[in-house]
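Reckoned from all heavy atoms, side chains included, excluding hydrogens, waters and symmetry mates.
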Amino acid sequence: AKANEKMDSQVNLVYNALVSVGKAVTASELIAETDLTALKNDSGVVSTQKVSAMLKKLKEQGKVESYTDKKKTYFKVVD
């Protein structure tokens with residue numbers, strides 16, 4: 001259960017970051033434009049894969065929508 005709580009707080013962090021950006025962004029743009037240091041892995045890096053996974057989870061929850069343009073996936077908060 002502890003791992004789930006950590007996951008939930010990380011998902012919330014990603015959601016709040018997306019809200020603060022206020023536009024559709026890719027996972028890597030979200031990392032570049034917001035403070036997601038809490039998501040750093042053991043190497044001290046915020047991985048795009050991890051953030052993408054959080055964004056997909058938010059999409060499953062209906063909080064985020066995505067579209068693909070030129071092979072890049074953009075995420076934005078559902079209004």
Side-chain angles (χ1 to χ4, degrees):
K2 261 274 184 275
N4 280 347
E5 283 172 34
K6 187 180 180 195
M7 183 75 171
D8 287 344
S9 70
Q10 290 179 341
V11 170
N12 283 337
L13 187 72
V14 170
Y15 179 74
N16 291 333
L18 196 59
V19 170
S20 72
V21 169
K23 61 181 181 187
V25 287
T26 64
S28 35
E29 287 170 346
L30 190 65
I31 294 167
E33 294 182 32
T34 62
D35 179 14
L36 295 175
T37 46
L39 302 180
K40 280 184 179 172
N41 60 20
D42 296 337
S43 314
V45 177
V46 179
S47 87
T48 311
Q49 285 84 354
K50 184 166 190 173
V51 173
S52 292
M54 307 274 172
L55 288 163
K56 288 192 178 92
K57 204 173 261 298
L58 286 161
K59 191 180 172 182
E60 285 163 17
Q61 294 171 2
K63 293 179 179 174
V64 165
E65 55 193 14
S66 68
Y67 64 91
T68 305
D69 182 35
K70 300 188 181 92
K71 295 185 182 165
K72 282 187 175 179
T73 304
Y74 291 85
F75 296 90
K76 70 187 197 76
V77 175
V78 173
D79 298 328

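Pairs passing the ring-ring contact (aromatic ring centres under 6.0 Å, His included) check and including a residue from residues 17-55, sequence neighbours excluded, do not occur. Each ring-ring contact (aromatic ring centres under 6.0 Å, His included) pair with one or both residues in residues 34-59, not counting sequence neighbours, would appear here, but there are none. Within the structure, every pair that satisfies the salt bridge (charged side-chain N to carboxylate O under 4.0 Å, His left out) test and touches residues 56-69, not counting sequence neighbours, is listed here: Glu65-Lys76. Sorted by first then second residue, the ring-ring contact (aromatic ring centres under 6.0 Å, His included) pairs that include residues 9-63, not counting sequence neighbours, number zero.
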Just distance, no hydrogens or angles: give the donor-acceptor pairs under 3.5 Å from side chains in residues 46-54, sequence neighbours left out.
from	atom 1	to	atom 2	distance (Å)
Ser47	OG	Lys50	N	3.0
Ser52	OG	Thr48	O	3.0

What side-chain donor-acceptor pairs closer than 3.5 Å can you find for residues 25-41, not counting sequence neighbours?
from	atom 1	to	atom 2	distance (Å)
Thr26	OG1	Ser28	OG	3.4
Thr26	OG1	Glu29	N	3.1
Glu29	OE1	Thr26	N	3.0
Thr34	OG1	Leu30	O	2.5
Asp35	OD1	Thr37	N	3.2
Asp35	OD1	Thr37	OG1	2.8
Asn41	OD1	Ser43	N	2.9
Asn41	OD1	Gly44	N	3.2
Asn41	OD1	Val45	N	3.0

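Shown here are the side chain to side chain donor-acceptor pair (under 3.5 Å) partners of Lys72, two or more places apart in sequence or in another chain: there are none.
A distance of 8.0 Å separates CG in Leu18 from CG in Leu58, rounded to the nearest 0.5 Å.
As a member of the Ile/Leu/Val/Met/Phe/Trp/Tyr network built from side-chain separations under 4.5 Å, Tyr74 groups with Tyr67.
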